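Inspection log for the structure reproduced underneath, given as structure tokens.
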Amino acid sequence: MKTYDFNRIDRKWQKYWAENQTFKAENHSGKPKYYVLDMFPYPSGAGLHVGHPLGYIASDIFARYKRHKGYNVLHPMGYDSFGLPAEQYAIQTGQHPAITTEQNIKRYREQMDKIGFSFDWSREIRTSDPKYYKWTQWIFLQLFKSWYNKDTDKAESIDELIKRFENEGNANVNAACDPDTPVFSASEWHAMSPQQKNDILFKYRLTYLAEAEVNWCPALGTVLANDEVVNGVSERGGFPVIRKKMTQWMMRITAYAERLLQDLDTIDWPESLKEIQRNWIGKSIGARITFKVDGSDKSFDVFTTRADTLFGVTFMVLAPEHELVNEITTPEYREQVEAYQQQAARKSERERLAEVKEKTGVFTGAYAVHPLTGAKIPIWISDYVLAGYGTGAIMAVPSGDQRDYEFAKQFDIPIINIFEGNDISKKANEDKEAVLINSEFLNGLPAKEAIPRMIEELEKRGVGKAEVNYRLRDAVFSRQRYWGEPVPVYYKNGVATAIPEKYLPLELPEVENFLPTKDGRPPLGNAKNWAWDEAGEKIVSVDLIDNKTVFPIELSTMPGWAGSSWYFNRYMDPHNDNEPFSKEAVDYWQKVDLYLGGREHATGHLIYSRFWQKFLYDIGRVPEPEYSVKLINQGMILGYSAFVYRIKGTNTFVSYGLKDQYETTPVHVDINLVDDYDHLDIEKFKAWQPEFANAEFILEDGKYKVGREVEKMSKSKFNVVNPDDIVEQYGADTLRMYEMFLGPIEIAKPWNTAGLKGVFNFLRKFWSLFHADGIFDVSLEEPTEEEMKILHKTIKKVTEDIENFSFNTAVSQFMIAVNELSKLKTNKQKILAPLVVLLSPFAPHLAEELWQELGHDETIAFEPYPEYEERYLKESTKTYPVMINGKMRHKIDLPVNMDNESIEKTVLADEKVQSLLAGKQLKKVIVVPGKIVNLVV
RNA sequence: GCCUCGGUGGCGGAAUUGGUAGACGCGCUGGAUUCAAAAUCCAGUUCCGGCAACGGAGUGUGGGUUCGAUUCCCACCCGAGGUACCA
């Protein structure tokens, strides 16, 4: 072998690791444990591009490093294999999503294998595998059988709750439940029908059926969660979303709002990510105030954070959907109120967002009574008040709230000024420091003091109380889709009933058609065998439904986040058929020590999984309320798109530098047709697509120069770089090191192939240190002091960089070391062997190969990581910069252990320093040992 | 609008608690090698002036604290992400 033959080395060691199951982790070990996890991918048809492995490479380096450090490392990988694209593909082609998914997984696996990850593939999981989703369904049933006790602050069994109802009713039950839950006594509970009891229990269960306003996406034929709707359109596909009332399975995540918020302080996540979750949970502290409806026994509550502004209220606003609207509207206003309600309901989410600037609304004809002054206050409805937040009703204070101000101006409602020195002719005063006037007992106080004072008064009169509100909503859990986990529930005379745990998994039935049924039911409505025979305890044909012993099964499936909300625990015990994971396994592995994944999951996966973990903690299944202590968001790798410029209405393309002389449209061009100097290969371009076969070109300097732009990597932008190509051309180790070298893991950065060469040169040079004329040639000579210094300095810096997840600077350290050793022509084993170990997390293939050449039989993967020795790093002299007024003017070498006084003397005695100081008055000398000498003149 | 994080050469990016700004890589320039090219090796490369020694400026802008500021403080400008009639 004459050269660094990376392709051969890659294949050899990838095969070796697979055959020897080198990275298989055991659940028992004398070593300390360490759990490194990547967010598992959805296996899409497009395969991996160079952006995907970035996080996997970083986590792999850390996992390998920890193995060297003597840890028992769990580093698993799997697939989030339920999802929309496979189903959309199935609708178009009729191919079963399971087949598409299987193919995509195979491709993903091949691509990952080529990069040399140290995953323990014996623990692979797939969310679409019945053996896995059996336990996703099991967790669903546990949630179904639980309620949230606010007194103990945890989830408890619904059976215990029923016992309490039987003994004492619900008056003293402090639960996270539906706010409309009626109060009943024990005897009232006993008098209820099974149906009524069932309805009550649904108000308590942690997963429940409810008629809720949901985001309905007609194009996808399914509901979407709030985090799946972006700017009024669906996150996947960008289809319009409307609001619609539907009966849906919901998850009572709001029960956990406070704990989800508080525990953010206990975990080491990026601050920005925690902030996103804090905002999403949206805690606000305020008051609930009750207003009576004038001339009626009815009343309604409002929520406000500014109870102090109560004397400034001049109107009330209810959401158009508010249940009281129909009851209080007076006959003369009924027509216009109903028209407004209908109009509001028809609006799509996008329209509603677009019309934010203009306030609309109508008067109901009814009046509320001010709880303190007794004044009559008109009640309006408007869509600027949201049914889903707070109580769906507000007290409007136009002098203190800009939205109320605009509404008052629009409809000529009077404004009471309640702030000292405030001008209400232009806008409201939202300044919290402002001092109150016209507010009786609050006059002269700022908000900070007035709010508690007002709440105290409201409580005394029994018309209000302090309250905390959260923006977080219960999560819609139903999806009207085929390719997801079936909800393990059947409908016994209309009552949702759990399928007993022992019959899980409830496997997805075969269907002929993946579209919704003609009468608009979800795709599972097409299944023939989708009824539950309670007597026979089995799934039977829907033709047998008699509603006596055979009942229909739920038709919706679970959302994408269900399977991903607990998978990190399953890796600990992936083949367990008796429980989701054993207590021993989870007691051993505890939780994820390092979690890598994208920031885009902040309000989705990363909040739902924390919720489920807390629930599993409450029911005693896991030992930790947070499953991931340390999380790193890897940044995206962006594509470097190329453009050609077509002159409008022609088939002529003008070079980038000349494009401004014409009216042009930019057209994406495949980046493979462009060289490193941004010049287009015109012949290839003509052959690329038929429409360009006869294209004409206006060149500059005889070349066609393309335009460049950094964008998200995507097939449609022709800017995708496939890691396979890089591996083929430069080897897996170059790809790994280059992706790390690009910059800090957390930041988004464009892919630019140009710098690859530098990393490749480094690896080749490193290989060359071990070889002379291509023959392995390492000397057993004792190293020099200088060589030892280089080695130990590198060990120290690289180790520190890895611990700080600063992999880009670690790569730089290797380059420095190899450059220095190349200059010294070092080929000494005592220097090179530790360097191989040091490098092995980054470039494992090359490291294994060199390790073998050095005469070792064992894999390098578990070789102890080298430790630096302080004595080689000690310097006898130190170069001090001599500064005058903070500007560097001169350098002097001084012994390291010299005291300040001697340093000062030596520096001042220096010839050069004296000439620099000539004619100047020396005021002060500042000596910072080991750092600088600063002369102040 | 609000919240969070950023702004350093031609480019990607380095700089412990305030202490030699620009590590490392790319690119570029010059040289060696070569019939030539590629590859490789050596030297240089923040900007301005100068053959050079050297001098001046310099981390988004303007101020401040300090012997000394990329780092700390204040105001502003720009960019990215999150969020939005949330009462």
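Naming: A, B, ... by sequence-line order, numbering from 1 per chain. What you are looking at is a predicted structure, and each value in this text was computed from that prediction instead of being measured.
Residue A:Lys765 is in sugar-phosphate contact alone, with no base atom involved, counting any heavy-atom pair closer than 4.0 Å across all strands shown. Counting any heavy atom pair closer than 4.0 Å across all strands shown, A:Val925 reaches no nucleic acid atom. If you check every strand for non-hydrogen atoms under 4.0 Å, A:Leu386 touches a base. Looking at heavy-atom distances under 4.0 Å, A:Asp404 makes no contact with the nucleic acid at all. In this structure, A:Asn469 reaches neither bases nor backbone, as no heavy-atom distance under 4.0 Å exists between it and the strands shown. Nucleic acid contact class of A:Arg288 (heavy atoms, under 4.0 Å, all strands): none.
Taking atom C1' on both B:U61 and B:G12, the two are 25 Å apart, rounded to the nearest angstrom. Comparing the C1' positions of B:G44 and B:A52 gives a spacing of 15 Å, expressed to the nearest Å. B:C5 sits 22 Å from B:U16 when the C1' atoms are compared, rounded to a whole Å. Taking atom P in both B:U8 and B:A15, one finds a spacing of 15 Å when rounded to whole Å. Taking atom P on both B:U29 and B:U83, the two are 47 Å apart, rounded to the nearest angstrom. B:G60 and B:C54 have their C1' atoms separated by 31 Å, with the value rounded to a whole Å. Spacing of C1' atoms, B:C48 relative to B:G31, comes out at 27 Å, to the nearest Å. The same atom, P, is picked in B:A80 and in B:G30; the two are 39 Å apart, to the nearest Å.
OP1 or OP2 of B:C86 has at least one side-chain nitrogen or oxygen of A:Arg403 nearer than 4.0 Å. Close to B:U40, at under 4.0 Å from its OP1 or OP2, lies a side-chain N or O of A:Asn761. For B:U66, neither phosphate oxygen OP1 nor OP2 lies less than 4.0 angstrom from any side-chain nitrogen or oxygen of A:Asn885. Taking side-chain N and O atoms only, A:Arg599 has no distance below 4.0 Å to OP1 or OP2 of B:U4.
For A:Phe300, the ring pair (Phe, Tyr, Trp, His ring centres under 6.0 Å) criterion is met by no residue, not counting sequence neighbours. Considering only residues two or more places apart in sequence or on other chains, A:Asp910 meets the salt bridge (charged side-chain N to carboxylate O under 4.0 Å, His left out) condition with none of them. Contacts of A:Phe419 classified as ring pair (Phe, Tyr, Trp, His ring centres under 6.0 Å), with partners at least two apart in sequence or in another chain: none. Looking at residues two or more places apart in sequence or on another chain, you find no salt bridge (charged side-chain N to carboxylate O under 4.0 Å, His left out) involving A:Asp474. A:Asp265 is linked by a salt bridge (charged side-chain N to carboxylate O under 4.0 Å, His left out) to A:Arg278, counting only residues two or more places apart in sequence or in another chain. Judged as a salt bridge (charged side-chain N to carboxylate O under 4.0 Å, His left out), and not counting sequence neighbours, the contacts of A:Glu800 are A:Lys796.
Side-chain contact between A:Leu260 and A:Leu264: absent, with no pair of heavy atoms (C-beta onward) separated by less than 4.5 Å.
When rounded to the nearest whole Å, the span between NE2 of A:His890 and C1' of B:C54 equals 15 Å. Straight-line distance from the CZ atom of A:Arg471 to the P atom of B:G82: 13 Å, rounded to whole Å. For A:Lys274 and B:C5, the NZ to C1' distance is 15 Å, given to the nearest whole Å. A straight line from CD of A:Glu430 to C1' of B:A87 spans 10 Å, rounded to a whole angstrom. Atom CD1 in A:Ile285 sits roughly 15 Å away from atom C1' in B:A87 (whole-Å rounding). Protein atom CD of A:Gln402 is 13 Å distant from nucleotide atom P of B:C2, rounded to whole Å. Protein atom CD of A:Glu711 is 14 Å distant from nucleotide atom P of B:A80, rounded to whole Å. For A:Phe762 and B:C26, the CZ to P distance is 13 Å, given to the nearest whole Å.
Annotated as anti: B:G55, whose O4'-C1'-N torsion sits more than 90° from 0.
Looking only at atom types and distance, the side chain of A:Thr809 has a donor-acceptor partner in the side chain of A:Asp801 under 3.5 Å away.
Shown for residues 309-320 of chain A: no residue has heavy atoms falling under 4.0 angstrom of RNA chain B.
When each of B:C85, B:C42, B:C67 is scored by its nearest atom to the side-chain atoms of A:Lys823, the top-ranked nucleotide is B:C42. When each of B:G27, B:C86, B:G56 is scored by its nearest atom to the side-chain atoms of A:Arg889, the top-ranked nucleotide is B:G56.
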Enumerate, atom names and distances included, each donor-acceptor pair closer than 3.5 Å involving a side-chain atom of residues 313-325 of chain A, sequence neighbours excluded.
from, atom 1, to, atom 2, distance (Å)
A:Thr314, OG1, A:Pro414, O, 3.0
A:His322, ND1, A:Leu324, N, 3.1

Side-chain donor/acceptor pairs under 3.5 Å, residues 742-750 of chain A, sequence neighbours excluded:
from, atom 1, to, atom 2, distance (Å)
A:Lys749, NZ, A:Pro744, O, 2.7
A:Lys749, NZ, A:Ile747, O, 2.9

**Canonical and wobble pairing (Watson-Crick, G-U, under 3.5 Å) of RNA chain B, dot-bracket with |** = (((((((..(((......[....)))((((((.......))))))((((....))))..(((((..]....))))))))))))....
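RNA chain B is contacted by both A:Gly755 and A:Asn752; A:Asn752 maps to the nucleotide lying nearer its 5′ end (nearest heavy atom per residue).
Within the structure, salt bridge (charged side-chain N to carboxylate O under 4.0 Å, His left out) contacts touching residues 389-402 of chain A (residues at least two apart or in different chains) are A:Asp401-A:Arg403.
In this structure, CZ on A:Arg473 lies 11.0 Å from CH2 on A:Trp280, to the nearest 0.5 angstrom.
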**CA sep, side-chain torsions, deciding dist, call: A:Phe291, A:Ile289, side chain to side chain contact (heavy atoms under 4.5 Å, CB included)** = CA-CA 7 Å; A:Phe291 283 77; A:Ile289 305 176; 3.7 Å; yes
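Aromatic ring centroids of A:Phe6 and A:Trp767 lie 6.0 Å or more apart.
Taking only distance into account, the side chain of A:Lys359 meets the base of B:C85 through a donor-acceptor pair shorter than 3.5 Å.
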**Request:** For each nucleotide in nucleotides 12-21 of chain B, reading 5' to 3', give B when a protein heavy atom comes within less than 4.0 Å of its base, S when such contact involves only the sugar-phosphate, and - otherwise.
**Result:** BSS--B-BB-
